[in-house]
Amino acid sequence: MAGNKGRGRAAYTFNIEAVGFSKGEKLPDVVLKPPPLFPDTDYKPVPLKTGEGEEYMLALKQELRETMKRMPYFIETPEERQDIERYSKRYMKVYKEEWIPDWRRLPREMMPRNKCKKAGPKPKKAKDAGKGTSLTNTADVLKKIEELEKRDDGEKSDEENEDKEGSKEKSKEGDDDDDDDAAEQEEYDEEEQEEENDYINSYFEDGDDFGADSDDNMDEATY
Amino acid sequence: MTQAEIKLCSLLLQEHFGEIVEKIGVHLIRTGSQPLRVIAHDTGTSLDQVKKALCVLIQHNLVSYQVHKRGVVEYEAQCSRVLRMLRYPRYIYTTKTLYSDTGELIVEELLLNGKLTMSAVVKKVADRLTETMEDGKTMDYAEVSNTFVRLADTHFVQRCPSVPTTENSDPGPPPPAPTLVINEKDMYLVPKLSLIGKGKRRRSSDEDAAGEPKAKRPKHTTDNKEPIPDDGIYWQANLDRFHQHFRDQAIVSAVANRMDQTSSEIVRTMLRMSEITTSSSAPFTQPLSSNEIFRSLPVGYNISKQVLDQYLTLLADDPLEFVGKSGDSGGGMYVISILTTCHLLSSFLSRFGSRCARIFRLVLQKKHLEQKQVEDFAMIPAKEAKDMLYKMLSENFMSLQEIPKTPDHAPSRTFYLYTVNILSAARMLLHRCYKSIANLIERRQFETKENKRLLEKSQRVEAIIASMQATGAEEAQLQEIEEMITAPERQQLETLKRNVNKLDASEIQVDETIFLLESYIECTMKRQ
């Protein structure tokens, strides 16, 4: 398709007049850079609609945004420890309800694995006595140590203490009347806190979910 | 999913659920269906966090799961459902106009929580309503239940698929994931509950009434000592029904614009009658006889039967075919979508100028036009016309159709006709809308972040003032506190507020456009 490039003179294959340039006129320059980021528009955009409905929806939207942040579905990213523990941070914590999904509707692999089933009733009692004190934590941990033999208990209790103190978003306010659904909730909490360490937790667990779990392909040591 | 959609989804998820959920959600949208382990591996988040995020997403109907062979469960995200989150305020406002505050709160709770049991909804709504009422009055559960039943009857809320109840236990191990089923008939069946009770008012910690149990803190959960009667039956908001309602509204307003109020009322009546009989995506409504229409006209419109017939004939003869005679009535979906799309496109083109809009409408009407003809018909000087045509061409609103005169397709001997392909133009416009909303959200977040310090300061000051007023402080002290925010800072706050409001309002309105475009594209694709 080389065509006749024209001996020294450009000749268009189509009627140049149709495009809008008269013969011999200077063609506009070739654009060598991307278009500007904020081009000038000749015409102003149509103004926004205003009305009672629109205003109500606006207020609703902003309210919804705020509410969403406070719901238990909003999972905050765990912040790294700041260098200085700010005093005001303690008073700006947002109280959040815990939410337990309906496990019957979800695939089995979603459930956090219940390592603490054996330690079930005891941590509940221990926590009720007043959370946030390291005394109960050690008491609680000691109980677990008794039951679970094959673990690195020493590091574990330290980790747990640290986690419990460091986690500001967990339900740490002293609510002593938090008795009813504490069991499942506590287990769930424990799970989250325990998983934050690097230790491989799923050694032999007395046949609990072992082999039937979909996680059994994980690269953990099995003997 | 286009990049623009993915970006918008990511922004929405981040705003509503936080970064972890956003990461997981966007990953699923991008890569399609995946099992749990792969998600955790690819996104680099811990398994536990992935589980939590997926629970949240599934609860809100944004992710669904499927059991594949060998027991692997795969999760898939619904991108379009994520984009619906933009429309929440509109849904809630619509319910408010139809069912007043009670209905509004019901839908709001359902949207905020994804799915809920009826008793949970009723309880929450009653509590919220009680708080807004005057002291001493409480909201009865029965009233809330009634509104709920009405919502279910008109299909605005529907049941979620539930776990099938098996009488005998399975011989083998239970399946890795329940397969949720829903019976068509049961979708709107309200369980027989006798919810007796009244809403509880949440007292502040200062005034702790003696009789009130202390479990009124934000952390209080339902009394799970008693078994929940409708356990396992979850309800969700039926978004399709809302969309149908919006469509009907658009149709009615279009008719009202084109003709007068009465004819729009007639059309509205017709649409309302076929609300439940027609499925939401049918192109035409069921045929309705004029007698039926006459009977169902709202009271107060005492027009005689003859006048009604006249109106119907008028509607039927209208070139835009709102109503078709005998046979099927109501070319609802199809035609109105075209109508609204035209309005949209021309209003968008008003950005390019009214002349562009004129050209556009012209080409639309005549289907194919040569360049010269465009100039003649639109009565616009040649140079300008060419300029605009090429601009629209480059933006892909127009396309060229070649009609060769000679077999060798020589350019100088070929007709080039301009034509408008609405479907592709609509798609392009939709894409632009997504991009613009993403920009709006980002700008809003940027503005808020810039002034974060100032915002926090003003919040603190307000809190101080409020607490001081509660404890009864003097005027002078309050003045002093207020002056903590200097005048230029106040100005800055004002500007910020105005900007954020404007950005939010724009988001809402662009979303309206998106709705129209999406429904048009959807129904056009169906017809093909």
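Here is how names work: the chains are called A, B, and so on, in the same order as the sequence lines, proteins then strands, and each is numbered from 1. A quick note: this is a predicted structure, and the numbers were derived from the prediction, not measured.
For B:Arg87, no part lies near chain A; criterion is any non-hydrogen pair under 4.5 Å. At a 4.5 Å heavy-atom cutoff, the contact between B:Glu512 and chain A is made by side-chain atoms alone. At a 4.5 Å heavy-atom cutoff, the contact between B:Ile58 and chain A is made by side-chain atoms alone. With a 4.5 angstrom heavy-atom cutoff, B:Leu112 touches chain A via backbone and side-chain atoms both.
The closest side-chain heavy-atom distance from B:Asp504 to A:Arg65 is below 4.5 Å. B:Ile92 has its side chain out of reach of A:Met57: every pair of non-hydrogen atoms, C-beta onward, lies at least 4.5 Å apart.
The CZ atom of B:Phe17 sits 12.0 Å away from atom NZ of A:Lys69, with the distance rounded to the nearest 0.5 Å.
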Q. Under the side chain to side chain contact (heavy atoms under 4.5 Å, CB included) criterion, do A:Leu60 and B:Arg90 qualify, and how do the steps go?
A. CA-CA 9 Å; A:Leu60 201 56; B:Arg90 201 166 167 203; over 6 Å; no
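In this structure, B:Lys405 places its NZ atom where more than 12 heavy-atom neighbours from other residues, nucleotides or ligands lie under 6.0 Å away.
The pair A:Lys61-B:Glu507 meets the salt-bridge criterion, with a side-chain N (NZ, NE, NH1 or NH2) lying under 4.0 Å from an Asp/Glu carboxylate O.
The candidate from B:Glu19, B:Lys115, B:Gln59 with the greatest count of non-hydrogen atom pairs under 4.5 Å with chain A is B:Gln59. The candidate with the highest count of non-hydrogen atom pairs below 4.5 Å against chain A, out of B:Glu108, B:Glu22, B:Lys502, B:Glu104, is B:Glu104.
Between B:His16 and A:Phe74, the ring centre distance reaches or exceeds 6.0 Å.
The nearest pair of heavy atoms linking A:Tyr73 to B:Asn113 is OH-OD1, 2.9 Å.
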